[in-house]
Amino acid sequence: MCVVYVNQFVWLKSSFQIIQWSEETNKFMLQPNNQRIYFHETSGRNYLTLRQTCAVESAAKENPDRPIQLIMQENSTIDLHGIWLTILSHYPNVAVIVINEADYFRNTPLEAWYTKGEWRYSPHKLEHFADYIRMLSNLKGGGLYMDLDFVTIKQLDVDNFLAVEDAAVDHLSNGIFHFDYGHRLIREIVEQLAAGYKPQEWNAHGPALIYSIMSKICKFKKGQPLSNECTDVALMPYNFVYPIHWPDWQVYFQKATRNIMQWINGSVAVHVWNKMSHSEPLLFHSNQVYSTLASRHCPLTVARAEEFPTS
């Protein structure tokens with residue numbers, strides 16, 4: 001196996017990259033790319049959990065012609081021998097990008113928010129940091145963002161979209177979206193994030209902000225199926241990636257009946273609501289809905305599930 005070093009990080013294969021982000025690598029190796037699918041690991045861990053690995057693997061497997069970028073923080077040295085990295089190294093379209101947070105925010109509209117640091121004392125600091133950095137990454141490079149609790153089951157081929165979370169059309173999601181580089185709406189979102197911070201409000205900088213901007217600019221109205229006067233962003237119906245609404249999250253960990261699987265398989269990805277379901281047991285090699293989806297769409301993760309840490 002050929003081993004090539006990029007700063008202190010190693011290419012596990014000639015086609016698999018771990019890249020230290022800097023202004024220079026951004027300039028020469030990480031150009032804006034509207035076709036990329038990117039994820040953020042924002043807990044500060046130096047590894048991925050089983051579900052997170054499944055999220056990245058399934059995106060890579062079902063979208064082999066799109067670059068998949070996993071962005072991690074430089075808080076600790078990445079475990080180069082971790083099972084998650086071994087699995088993802090089988091996919092030549094996956095790259096891990098390691099960022100220094102201060103460098104990443106520097107000279108951007110969100111630098112003052114980051115350096116002021118009020119968010120560090122918020123009861124929702126992890127959620128707010130995740131809300132901010134996912135939009136900053138889109139501003140830097142465009143593309144499709146996904147949370148790490150999705151399972152991708154089909155090719156993702158819709159550009160410039162937001163997703164509706166529920167059949168009542170009451171909620172727009174920031175857990176998955178696509179904006180081309182320089183899109184006017186991502187500029188507006190970042191401008192609003194920079195303009196005011198509400199540390200005590202859990203939802204203020206996520207779906208609530210998306211709704212506010214879409215209602216103001218695109219005349220989106222709750223309860224009206226996909227009302228949208230903006231022709232440069234699509235509103236995808238809830239079954240696009242949210243076939244099971246959050247109050248029914250247990251469905252993913254129950255028996256995979258024919259009717260349930262027919263309904264779910266009409267989606268292109270599914271969100272398994274990790275905030276509620278994170279402690280639910282995964283019953284691989286069973287007829288559990290999550291197990292059935294994972295076995296098909298992140299098979300390497302499932303094959304080595306027993307090697308993952310239990311926490």
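Please read all numbers here as calculations on a predicted model, not as lab measurements. Values below: every heavy atom of this structure, side chains too, minus hydrogens, waters and symmetry copies.
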Can a donor-acceptor pair be found, under 3.5 Å and without considering hydrogens, that links the side chain of Ser295 to the backbone of Ser291?
yes
Would a distance-only check, ignoring hydrogens and angles, find a side-chain to backbone donor-acceptor pair under 3.5 Å from Arg36 to Gly142?
yes
Path from Trp202 to Met276 over hydrophobic side-chain contacts below 4.5 Å:
no
Donor-acceptor pair, Trp263 side chain versus Pro243 backbone, under 3.5 Å?
yes
Nearest-0.5 Å distance that lies between atom NE2 in His40 and atom CD in Gln69:
9.5 Å
Listed by chain and number, what are the ring-ring contact (aromatic ring centres under 6.0 Å, His included) partners of Phe177, not counting sequence neighbours?
Tyr145, Phe179
Look only at the side chain of Asn93 and the backbone of Asn63, and say whether a donor-acceptor pair between them is shorter than 3.5 Å.
yes
In this structure, CD of Glu62 is separated from CG of Asp157 (nearest 0.5 Å) by 12.5 Å
Would you please indicate yes or no on a ring centroid separation below 6.0 angstrom for Trp249 and Tyr290?
no
Cluster check Val151, Phe284: I/L/V/M/F/W/Y, side chain < 4.5 angstrom
yes
According to a 4.5 Å side-chain heavy-atom criterion applied to Ile, Leu, Val, Met, Phe, Trp and Tyr, with indirect links allowed, do Leu126 and Leu193 form part of one hydrophobic cluster?
no
Quick one: closest heavy-atom pair of Gln254 and Gln250, and the distance?
CG-O, 3.2 Å
Smallest heavy-atom separation, Ile176 atom then Val241 atom, equals CG2-CG2, 3.7 Å
Flag the pair Leu293 / Met261 as yes when at least one side-chain heavy-atom distance between them is below 4.5 Å, and no otherwise.
yes
Salt bridge (charged side-chain N to carboxylate O under 4.0 Å, His left out) contacts touching residues 248-265 (sequence neighbours left out):
none
Treating Ile, Leu, Val, Met, Phe, Trp and Tyr as nodes and any side-chain heavy-atom pair under 4.5 angstrom as an edge, say whether Ile260 and Leu282 lie in one connected cluster.
yes
Donor-acceptor pair, side chain of Gln288 and main chain of Leu283, under 3.5 angstrom:
yes
How close do Glu165 and Trp273 get, heavy atom to heavy atom, and via which atoms?
OE1-CH2, 3.9 Å
Between Gln31 and Asn33, is there a donor-acceptor pair closer than 3.5 Å when you use the side chain of the first and the backbone of the second?
no
Return yes if some donor-acceptor pair links the side-chain N/O of Arg304 with the main-chain N/O of Thr86 below 3.5 Å, else return no.
no
Any sub-3.5 Å donor-acceptor pair from Glu57's side-chain atoms to Ile87's backbone N or O?
no
Single-linkage hydrophobic cluster, 4.5 Å side-chain cutoff, Val164 and Ile217 together:
yes
Tell me whether the count of non-hydrogen atoms from other residues, nucleotides or ligands lying under 6.0 Å of NZ in Lys198 goes above 12.
no
Classify the ring geometry of Phe240 against Phe161: parallel below 30°, tilted from 30° to 60°, perpendicular beyond 60°.
perpendicular
Can you list every salt bridge (charged side-chain N to carboxylate O under 4.0 Å, His left out) pair that touches residues 220-247, not counting sequence neighbours?
Arg184-Asp232
Short N-O contact, Asp149 and Lys275, less than 4.0 angstrom
no
Tightest non-hydrogen contact, residues Leu110 and Val190, listed as CD2-O, 3.8 Å
Please identify each residue that fulfils salt bridge (Lys or Arg N to Asp or Glu O under 4.0 Å) with Arg106, with sequence neighbours left out.
Asp103
Main-chain N/O of Ala269 paired to Thr152 side chain as donor or acceptor, under 3.5 Å
no
For Trp21 and Tyr104, take the angle between the two ring planes, folded into 0 to 90°, and tell me which bin it lands in: parallel under 30, tilted 30 to 60, perpendicular over 60.
perpendicular
Holding to salt bridge (Lys or Arg N to Asp or Glu O under 4.0 Å), I want the full list of residues that pass it with Lys216, two or more places apart in sequence or in another chain.
Glu188
Should the heavy atoms of other residues, nucleotides or ligands under 6.0 Å from CD of Gln262 be counted, would the total exceed 12?
yes
Heavy-atom pair of closest approach, residues Leu139 and Ile186:
N-CG1, 4.0 Å
ring-ring contact (aromatic ring centres under 6.0 Å, His included) involving His128 - partner list, sequence neighbours excluded:
His124, Tyr197, His205
With no hydrogens and no angle check, is any side-chain donor or acceptor of Arg134 less than 3.5 Å from a backbone partner on Asn174?
yes
So, taking the atom named OH in Tyr91 and the one named OG in Ser58, what distance separates them when rounded to the nearest 0.5 Å?
9.0 Å
If I compare all heavy atoms of Leu88 with all of Val94, which pair ends up nearest, and what's the gap?
O-CB, 4.1 Å
Passes side-chain contact (heavy atoms from CB on, under 4.5 Å), Ile133 versus Tyr114? Steps please.
CA-CA 10 Å; Ile133 200 167; Tyr114 179 83; over 6 Å; no
Below 30° counts as parallel, above 60° as perpendicular, anything between as tilted: where do the rings of Phe105 and Trp113 land?
tilted
